[in-house]
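Here's the structure we're looking at; comments come further down.
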Amino acid sequence: MRLKRTHFIEEINSHLIGKEITVCGWILRRRDHGGVIFLDIRDRSGILQVVFEEGLDPKIHALADSLKIEYAVSIKGILRRRPPGMENPKISTGEVELVGKDLEIHNASQTPPFPMDEDLSEVSEALRLRYRYLEMRALGGQEAFIFRHRINQTIRDFLNSRGFIEVETPYLTKSTPEGARDYLVPCRLYPGKFYALPQSPQLFKQILMVAGFERYYQIVRCFRDEDLRADRQPEFTQLDMEMSFITEEDILGIVEDLLSHLFKETLGIELKTPFPRLTYEQALSLYGTDRPDLRFGMELKDVSDLGGDSQFQVFRSALEKGGIIKGLKAPAHFTRKELEELTQWAQNLGAKGLAWIKYQKDALTEEKWSSPIVKFFDRNILSRMEEHFELTEDKATLFFVADEPNITHRVLGELRLYLANKLSLIPKDAFKFVWIVDFPLFERDENENRLYSVHHPFTHPKVEDLELLDTDPLKVRSRAYDIVLNGVEVGGGSIRVHRRDLQEKIFHILGISKEEAEEKFGFLLQALDFGAPPHGGIAFGLDRLIMLMLGKKSIREVIAFPKTQRGQCLLTGAPSSVKIEQILELHLLPGWDK
RNA sequence: GGGGCUGUAGCUCAGCACGGUCAGAGCGCCUGCCUGUCACGCAGGAGGCCGCGGGUUCAAGUCCCGUCAGCCCCGCCA
């Protein structure tokens, strides 16, 4: 390294004209005119044009002639103002150029597999992942990661200022029942035993509350061995928080402060607080899902009474079987073919069918209402329908599903999203947070006929529902809350059980025996016995949050070295085979290590 | 475990439905020329197991079966 950098390119401007400076970086582009060579050199911070003139120094000019794209170089020269009319307004250093006097070539480069000076979003992701370091070096390739860095900094600054303490918890820990599949790490020292990588630091952060830290946070990696999606990676990052001597309101409040601070600092966006809240029941009833996208309307309406008054047998029999009838309004008309496709699509989701009624306000030539089923509805019902759905638009289509509540909500919830996308009803650049509260504590597993925790087994029941634990546990609501952004669950948490007797009772209801509870969670139960304070917290899927903030379609775009959908790292080739010696050492072949 | 889309030059893609001028384009790359370009330009050139394997056929990027890989989704994700 003969030529050391004197300036980052972003620091270079007309104030340095006439000065001798040295820049370091990579060749982005070259424009070779024979006697004069223009090079665009790029470092992390920007782009600068360098000129090598044959007349000035034939030797250096000849050396510069050997440069190609992505060679790593240092260039020393005199900064000068560009000749009049030769400025380049597209780059921040466009008024000036560096007249190259000395050049050190640190390394040559193969021709990159994709262009380094263009938007790479059209290049196949597999190739970009294989050459992730080149994608990142390319123009704009670091933006998401620099943004992510700023998010982390802003979160830490904010939480530090509010008295939170970041504590690191183990990655080699204990496998726990329920929840996602664990990643297991075989243990060399204890044949046949395994560590597990944490699905979250849940129990450790509760222990930290018992330990009296009172306010904890951690930006922490979590591991879940489940199938991948655009918003799911086997290892992902949580912002994990926990507080003592607090209630739900304290946590929701501090999270709203944190998120509005974050959006203001990093995106310049003012969020309105407090965020709206929906109960689980309301969310399901209005949007058909517990993670509603509030960027647009199209709420579901219950029309069970109207359907019951109609002569439409499908509706009436659904009601008789204990089902419900719900509908939503799309502000558009559809072709017969589209309606058939929608019906098919709804049936694939489990609906028996999809009823629709076309509405036309100023019906001079056409019927105001048209549909194969409209004959089952008399004038009176139709006008109640008009009122119910607030049919003020000229054209609309009403869609109905009549089925058991689960299916009705799921199908209409999906239909709502599908139609909103199709009709472009979702505003760009909108960020709509919503809290979902009052989740049920338990749900029933149909196959095994046992209860599961909707959140996790350490979630505190609502105090007013405690009595129902013995009589009707499925009716018990929990002190859990999710936070949803634009239809994506970005965080969730709860007030935890901090009393041993209640925790044991919940284990019992979940069908966890005393022995198993002792074996798996004995350390927690014991800790609760030593003056555990009331506490609760929340965890954010940080990758998802950043993905949404940047408007990316996949979490992989904001993770430096992500896995493919089949769980491979295309850069390193993991997972890979290992030597038989390693397997034997870990006692993974029983009997072979004797 | 299941459904769908994709795979042709270094990159992005066309060509597949109707098998036979079908090995093509743009960019990139290589060589040469060029003293004011900035996605420089001009002239010339190289580059292909049409993902892989099998089948049908006189003949297969093209049709069929299988398989691998990437992506999206369902299941799964307390």
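In what follows, chains carry the letters A, B, and so on, assigned in the order in which the sequence lines appear, proteins first and then strands, with residues in each chain numbered from 1.
- With both pairing distances under 3.5 Å, B:G75 is matched to nothing as a Watson-Crick or G-U wobble pair.
- A salt bridge links A:R479 to A:E248: at least one charged side-chain nitrogen sits closer than 4.0 Å to a carboxylate oxygen.
- Between A:K462 and A:D438, at least one side-chain nitrogen of the basic residue sits less than 4.0 Å from a carboxylate oxygen of the acidic one, meeting the salt-bridge criterion.
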Between protein and nucleotides 38-40 of chain B, what N or O pairs are separated by less than 3.5 Å?
unit_1, atom_1, unit_2, atom_2, d
B:C38, O4', A:R31, NE, 2.9
B:C38, O2', A:R31, NH1, 3.4
B:C38, O2, A:Q49, OE1, 3.3
B:C38, O2, A:N88, ND2, 3.1
B:C38, N3, A:R82, NH1, 2.7
B:C38, N4, A:R82, NH1, 3.4
B:C38, N4, A:M86, O, 2.3
B:A39, OP1, A:K90, NZ, 3.3
B:A39, OP2, A:K90, NZ, 3.0
B:C40, OP2, A:R31, NH1, 3.0
B:C40, N3, A:H33, NE2, 3.4
B:C40, N4, A:D32, O, 2.5

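- Going from atom CG of A:L417 over to atom C1' of B:C74 covers 16 Å, rounded to whole Å.
- Pairing each heavy atom of A:P113 with each of A:L127, the nearest pair is O-CD2, 4.1 Å.
- The CD1-C1' distance, from A:I27 to B:U37, rounds to 15 Å in whole Å.
- If you check residues 341-350 of chain A against RNA chain B, you find no residue with a heavy atom closer than 4.0 Å.
- A straight line from CZ of A:R229 to P of B:G70 spans 15 Å, rounded to a whole angstrom.
- Taking a cutoff of 4.0 Å between a charged side-chain nitrogen and a carboxylate oxygen, A:R450 and A:D445 do not qualify as a salt bridge.
- Under the 3.5 Å distance criterion, the side-chain polar atoms of A:Q347 are matched with a main-chain donor or acceptor of A:K352.
- If you check B:A69 for Watson-Crick or wobble pairing at under 3.5 angstrom, you find it paired to B:U6.
- No engagement by A:G94 is indicated, since no non-hydrogen atom pair under 4.0 Å with the nucleic acid exists.
- A:R80 comes within 4.0 angstrom of a base, heavy atoms only.
- For B:C30, the OP1/OP2 oxygens have a side-chain nitrogen or oxygen of A:K68 closer than 4.0 Å.
- Nucleotides B:G41 and B:C27 are separated by 9 Å at their P atoms, to the nearest Å.
- A:K205 and A:D240 are joined by a salt bridge, as a carboxylate oxygen and a charged side-chain nitrogen come within less than 4.0 angstrom of each other.
- Nucleotides B:A17 and B:G53, compared at atom C1', are 25 Å apart to the nearest Å.
- The partner of B:G24 is B:C13, judged by Watson-Crick or G-U wobble contacts that both fall below 3.5 Å.
- Applying the Watson-Crick and G-U wobble criteria (two distances, each under 3.5 Å), B:G41 pairs with B:C33.
- Salt bridge A:E518/A:R500: present, at least one basic N to carboxylate O contact under 4.0 Å.
- In this structure, A:L342 and A:L419 have side chains that are in contact, with non-hydrogen atoms separated by less than 4.5 Å.
- In this structure, A:D57 atom CG and B:U35 atom P are separated by 17 Å, rounded to whole Å.
- Spacing between atom CD of A:Q568 and atom P of B:C71 amounts to 9 Å, rounded to whole angstrom units.
- Syn is the classification of B:G61, since its glycosidic angle stays within 90° of 0.
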**Message:** Quick one, A:F439 with A:Y481, criterion side chain to side chain contact (heavy atoms under 4.5 Å, CB included). Give me CA distance, side-chain angles, the key distance, then yes/no.
**Reply:** CA-CA 7 Å; A:F439 283 85; A:Y481 30 82; 5.7 Å; no

**Request:** At under 4.0 Å between heavy atoms, which parts of nucleotides 9-14 of chain B does protein reach? Answer with one letter per nucleotide, 5' to 3': B base, S sugar-phosphate only, - none.
**Result:** -SSS--

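- Atom C1' of B:G48 sits at a distance of 26 Å from the matching atom of B:U56, rounded to the whole Å.
- Of the charged side-chain nitrogens involved, at least one lies within less than 4.0 Å of a carboxylate oxygen, so that A:E70 and A:R137 count as a salt-bridged pair.
- At a threshold of 4.0 angstrom between heavy atoms, the contacts of A:R556 are confined to the sugar-phosphate backbone, with no base atom among them.
- Between A:R132 and A:E135 there is a salt bridge, since a side-chain N of the basic residue sits under 4.0 Å from a carboxylate O of the acidic one.
- Under 3.5 Å, the side chain of A:R81 and the base of B:G36 form no donor-acceptor pair of N or O atoms.
- Here A:R566 reaches the OP1 or OP2 of B:A69: one of its side-chain N or O atoms lies under 4.0 Å away.
- Comparing the P positions of B:A39 and B:G28 gives a spacing of 12 Å, expressed to the nearest Å.
- B:G20 and B:C72 have their P atoms separated by 35 Å, given to the nearest Å.
- On the P atoms, B:U6 is 13 Å away from B:G51, given to the nearest whole Å.
- Figure legend: cation-pi geometry between A:R416 and A:F296, with NZ or CZ positioned under 6.0 Å from the six-membered ring centre and within 45° of its axis.
- Considering only side-chain N and O atoms, A:T111 lies nowhere under 4.0 angstrom from the phosphate OP1 or OP2 of B:C29.
- The separation between A:E54 atom CD and B:G36 atom C1' is 15 Å, rounded to whole Å.
- For the pair A:L120 CG and B:C27 C1', the computed distance is 13 Å after rounding to whole Å.
- Taking only distance into account, the side chain of A:R128 never meets the base of B:G70 through a donor-acceptor pair shorter than 3.5 Å.
- Evaluation of atom-type donor-acceptor distances gives a pair under 3.5 Å for the side chain of A:E97 against the base of B:G36.
- The closest donor-acceptor contact from the side chain of A:R82 to the backbone of A:M86 lies under 3.5 Å.
- Positionally, the nearest nucleotide of RNA chain B for A:K563 lies more toward the 5' end than for the other of A:K563 and A:E226.
- In this structure, the CD atom of A:E443 is 12 Å from the C1' atom of B:C77, given to the nearest Å.
- Between A:F521 and A:F458, the ring centre distance stays below 6.0 Å.
- Contact of A:R232 with B:C77 (side chain to base): a donor-acceptor pair of N or O atoms is detected under 3.5 Å.
- Looking at A:T93, its side chain never comes within 3.5 Å of a backbone N or O of A:V96 through a donor-acceptor pair.
- For B:C22 and B:C58, the P atoms lie 23 Å apart once the distance is rounded to whole Å.
- Between the C1' atoms of B:G15 and B:A9, the separation comes to 14 Å (whole Å).
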